[in-house]
Every structure is written in structure tokens, then in C-alpha cells.
Peer 1: 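This is the structure, below, for whatever I ask next.
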Amino acid sequence: MAKPNLLDLAYPDLAAELAAWGEPAYRADQVWGWAWGELATDFGAMTNLPRDLRARLGEAFTLAGPVPIARQGDGEGTEKVLLSLRDGQAIEAVLIREDGRRTVCISTQVGCPVGCPFCATGRMGYVRDLTAGEIASQVLHFARELRGAGERVTHVVVMGMGEPLLNYDATLQALRNLNDPRGFALGARRVTVSTVGVVPGIVRLAGEGLQVNLAVSLHAPTDALRRELVPLAERWPLADVLAAADRYASATGRRVSYEYVLLRGVNDRLDHARGLARLLRGRLAHVNLIPFNPAPGLPYQPPDPDAVDAFRRELVLHSVDATVRRSRGVAIEAGCGQLRGQRADGALEQPS
Ligand code: SAH
Ligand code: SF4
């Protein structure tokens, strides 16, 4: 049997384990600080621990993270990496350098069970959930890389492969571990979780007492159109999704953002914009318009740039805040599973 990964543990579990070994209470802080603060990949490096404790930790646990097997940069500071997991499955993570921000976009599942027809990840089907350690390790991977340049990860967006609220426990554990001030200490307000609209997950997240930002993928102003684009909409209609998002906003005081992928001739007309404005009017909301990012096999076209501008203007005219996420937008650069797709085409450079 493979050793458990220390990064899968919550702090209280680590503390309980070390207490069971007869270690003093402060050891948990030390080990946690090495793993999550110093980003150690090896127990031997934990030089303030007694040698026998280091050896015992190494026998009981591993700190090994996913291994990069391909990389792709855009020449402007955005870097995608394909990471190979313990069982040979692969996921993507992306670093976006923008002004002072260093944002990492992470995956929560291998594939996705939701199956949105415009999404490369959705088209590949669902393979498995990631563990908490596998989710957090994507951030640690880039944090190690940035450390070389004296930089830190400043923001995390959960917008890569998979639906985070369908892998709720592992996602929350990963975010709590990254947030823990004894280690990585990433502020919750610097984290955004994007969901396709899993209502019970949004309600649960509202009760966590964690001030992460919520992004809800809407993509359509009516249930009929949304059901074509988001298969889960059968289960949770727009009214329920918006009610859950309102609950999230009032519980956390955070403005919810709504994502809307623009697909030419499908959901990009002015009457769609007006319908969306009617839905959102009066809410503490912000719309992120994402022009469709094409990938092989996806049966949609990017919208006309004029239609994108007109759509945005129509929202603003109806008092709904909206931003177009162009080439540097997270969802576009992360491409939701598109790194894997490109590798299948042989188009990716291999790491040297
Ligand atoms: N499952 C979650 C988070 C991952 S997808 C969700 O759906 O919200 C992150 C964002 O990328 C979503 O808003 C999704 O709609 C968007 N996206 C997926 N495929 C895309 C594509 N081909 N072009 C543009 N945006 C896409
Ligand atoms: Fe899954 Fe999100 Fe892609 Fe839909 S858009 S298939 S929910 S990852």
C-alpha cells in the first residue's frame, strides 16, 4: 500500500497523530510549518526535528506532490502545467502573472461529471475526485517555482478541471489547509471558487465561516436555454441557484460573480443580455463575460467581438456590472481541460 500523503491531513489530524506517537504539542506546528510554510518535499529537511522523528515521519508518510510532465507558456507570463498524479492520471494547473498578482488556477477532479457541451473537461467524462493534498499541491507547485524569483502566490481560483462543489470535502480541506496561518497563510478573500450551480454545495459553503469569493456559472438567462448548456440545470433551476447565491452573499458579505460563456448564435444576443440583467438586477453581483474558447471537437463558435461589446454595454445600461475576460482571463487561459486536449494533439512542448 502506498503511504498516506501528509498534505491530505487536516491540522487536527496531524496533531492527533503526533500526540499518539508521544510527541509534545508544539511538534505539529513545526511539521505543519515545514510542509505548508517552507514547502518542504522531504522530511530530512526538517532540521529542527529530532532525527528519529524525521525518520518515523518518512516511514509513515510521503510529501511527494504531482510531477510536471508538460508545460506551456504564452510568452506573457501565463504558464500551464500538466501534472501527473500517483495513479498516472493527469490534471492541469495554471499560473497567471498579471500586474502584481500571481494567480494559480487549480483543478478539483480528473474530468468532470457535469458534462457541459462547450467544455473540454466536460467532454472527457469523469474519472475521479482529487484528494485534498492533490488539490493544494497544484498551488504548492507554483509557489515553489515563484519562490526562486522571490515571489509568492497571491490568489487562487478554483476554475480548472472539475466541479469543486461535487468534490466538496476535499476542496474545502485543501482551501482550509492553504488558509491556515501556521503554514501557507493564503487569505480566504484571495480565493475564488467557481461552481456550475450545485445548490446544496453553495448553501453548505455559506455556512463554513470562510470568506472565499463565489463565482457561479450561469451561461443563460432562461432555464430552457441553460438546460442545453449545463446538464445539471435539470436538477437546480435558475431561481434556486440565485437564491443560494443570495444566501452566500448575505452570509459572507462578499459580492458574488456570475460567469457567462458567450457562444456565437446561442446565447450572445441582446435579448439574452436583457434577460440576464432582469435576473440579476438589484443583486450584489458582477458578471464576467467569457468569449468561448474553441477546442478540437467542441461544437460552438466564439462570438463576434462586436456582439461581446454590445452584450456588455446592454448589461451596464441595465445597471449590471460586467467585465469581458479577454485573452488573459482565467477561464480562457486555463481552458478548462484544454491542456490535456492539446497534449493529445502533440502540440505541447515537453519539459526540458
Ligand atoms: N466546474 C466549475 C469550475 C470549472 S470551469 C464551473 O463550471 O464553474 C471554469 C469556467 O470555465 C466556467 O465558467 C466554465 O463555464 C468556463 N469554460 C469552460 N469551457 C470553456 C470554454 N471552452 N471557453 C470559455 N470558457 C469555458
Ligand atoms: Fe464541469 Fe465546469 Fe466544465 Fe461544466 S464547465 S463540464 S461543470 S468543469
Side-chain angles (χ1 to χ4, degrees), residues 80 91-94 96 103-130 135 138 156-168 171 175 191-199 201-202 205 212-220 225-236 241 244-245 248 256-264 266-268 276 286-303 308 323-342:
K80 290 190 210 181
I91 49 161
E92 67 169 43
V94 185
I96 301 129
T103 303
V104 176
C105 175
I106 59 176
S107 299
T108 53
Q109 297 179 316
V110 181
C112 180
V114 181
C116 304
F118 56 85
C119 168
T121 304
R123 296 289 288 239
M124 71 181 259
Y126 167 72
V127 181
R128 72 168 172 87
D129 286 349
L130 300 185
I135 295 168
Q138 299 164 62
V156 167
V157 293
V158 187
M159 292 189 182
M161 301 165 67
E163 170 45 49
L165 301 186
L166 291 179
N167 183 15
Y168 189 95
T171 299
L175 297 181
V191 173
T192 300
V193 174
S194 174
T195 178
V196 74
V198 178
V199 167
I202 296 172
L205 193 63
V212 299
N213 303 294
L214 181 69
V216 178
S217 294
L218 282 187
H219 311 321
L225 180 56
R226 193 161 186 266
R227 279 195 293 269
E228 283 176 33
L229 303 177
V230 177
L232 259 187
E234 295 281 355
R235 200 137 132 225
W236 293 300
V241 172
Y248 192 83
V256 173
S257 44
Y258 293 94
E259 290 154 288
Y260 193 104
V261 172
L262 288 163
L263 308 162
R264 181 190 297 201
V266 177
N267 66 354
D268 65 345
L276 184 62
H286 185 95
V287 174
N288 286 320
L289 297 170
I290 313 164
F292 170 65
N293 191 28
L298 298 182
Y300 296 97
Q301 298 297 320
V308 176
T323 310
V324 178
R325 300 286 167 204
R326 288 205 191 273
S327 58
R328 295 187 67 86
V330 165
I332 293 171
E333 294 288 345
C336 216
Q338 300 192 9
L339 184 62
R340 274 179 64 128
Q342 287 183 28

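Both ligands and their constituent atoms are indexed starting at 1 by order of listing. We're numbering straight along the sequence, starting at 1.
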Peer 1: With a heavy-atom distance limit of 4.0 Å, tell me whether I290 approaches ligand 1 through its side chain, its backbone, both, or neither.
Peer 2: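 Side chain only.
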Peer 1: Going by the atom numbers of ligand 2, which of them fall below 4.0 Å from some non-hydrogen atom of G122?
Peer 2: 6 (S)
Peer 1: Quick check on contacts: which atoms of ligand 1 are under 4.0 angstrom from a heavy atom of V196?
Peer 2: 6 (C), 7 (O), 8 (O)
Peer 1: So which heavy atom on V230 is nearest to which on C116, and how close?
Peer 2: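 Result for this residue pair: CA-SG, 4.2 Å.
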Peer 1: Any idea which atoms of ligand 1 are less than 4.0 Å away from a heavy-atom of H219?
Peer 2: 13 (O), 15 (O)
Peer 1: From atom 3 (Fe) of ligand 2, work out which of C119, S217, P117 has a heavy atom at the shortest distance.
Peer 2: C119
Peer 1: Going by the order shown, which atoms of ligand 2 are within less than 4.0 Å of some heavy atom of G115?
Peer 2: 6 (S)
Peer 1: Any heavy atom of G160 sitting closer than 4.0 Å to ligand 1?
Peer 2: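 Yes.
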Peer 1: Can you sort out which atoms of ligand 1 are near S217, meaning under 4.0 Å from one of its heavy atoms?
Peer 2: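 Checking each atom against S217, I get 6 (C), 7 (O), 8 (O), 12 (C), 13 (O).
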Peer 1: Between N288 (side chain only) and S257 (backbone N and O only), is there a donor and an acceptor less than 3.5 Å apart?
Peer 2: no
Peer 1: Write down the atom of A245, the atom of I202, and the distance for their closest heavy-atom approach.
Peer 2: N-CG2, 4.1 Å
Peer 1: Measuring from atom 16 (C) of ligand 1, which candidate in V158, T195, L218, V261 has the nearest non-hydrogen atom?
Peer 2: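 Shortest heavy-atom distance from atom 16 (C) of ligand 1: V261.
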Peer 1: Could an N or O of ligand 1 be found under 3.5 Å from any N or O of F118, whether backbone or side chain?
Peer 2: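 Looking only at distances, the answer is yes, because the N/O contact criterion of under 3.5 Å is met.
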Peer 1: So, 4.0 Å and heavy atoms of G162: is ligand 1 close enough to count as a contact?
Peer 2: yes
Peer 1: Please could you name the atoms of ligand 2 that V196 approaches to less than 4.0 Å, counting only its heavy atoms?
Peer 2: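 Matching atoms, with element in brackets: 7 (S).
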Peer 1: Do the non-hydrogen side-chain atoms of L130 and R128 ever get within less than 4.5 Å of each other?
Peer 2: yes
Peer 1: Under 4.0 Å from ligand 1, counting heavy atoms only, is it the side chain of C119, its backbone, both or neither?
Peer 2: both
Peer 1: Which of the listed options, A120, G162, P164, holds the heavy atom that is closest to atom 8 (S) of ligand 2?
Peer 2: G162
Peer 1: Please name the pair of heavy atoms, one in I135 and one in S107, separated by the smallest distance, quoted to 0.1 Å.
Peer 2: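 Here I135 and S107 meet closest at CG1-O, 3.9 Å.
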Peer 1: Report yes if some heavy atom in the side chain of L229 is under 4.5 Å from a heavy atom in the side chain of V261; otherwise report no.
Peer 2: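 Of all side-chain heavy-atom pairs linking V261 with L229, none is under 4.5 Å.
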Peer 1: If you define the side chain from C-beta out and look only at heavy atoms, does anything of S217 sit under 4.5 Å from M159?
Peer 2: no
Peer 1: Working to the nearest 0.5 Å, report the span between CE of M161 and CD of Q109.
Peer 2: 9.5 Å
Peer 1: Checking the side chain of Y260 only, and the main-chain atoms of N267 only, is there a donor and an acceptor separated by less than 3.5 Å?
Peer 2: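 Confirmed, Y260 side chain pairs with N267 backbone.
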Peer 1: Pick out which of V198, D129, L205 makes a side chain to side chain contact (heavy atoms under 4.5 Å, CB included) with Y168.
Peer 2: L205
Peer 1: Give a yes/no answer: is there an N/O/S atom of C112 under 2.8 Å from atom 3 (Fe) of ligand 2?
Peer 2: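 Under 2.8 Å: C112 has no N, O or S contact with atom 3 (Fe) of ligand 2.
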Peer 1: Is there a donor-acceptor contact under 3.5 Å linking the side chains of E163 and T108?
Peer 2: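 Result is no, nothing qualifies.
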Peer 1: With a heavy-atom distance limit of 4.0 Å, tell me whether E259 approaches ligand 1 through its side chain, its backbone, both, or neither.
Peer 2: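 The answer is the side chain.
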Peer 1: Using heavy-atom distances only, which candidate in S107, P113, C116 approaches atom 4 (Fe) of ligand 2 most closely?
Peer 2: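 Residue with the shortest heavy-atom distance to the ligand atom: C116.
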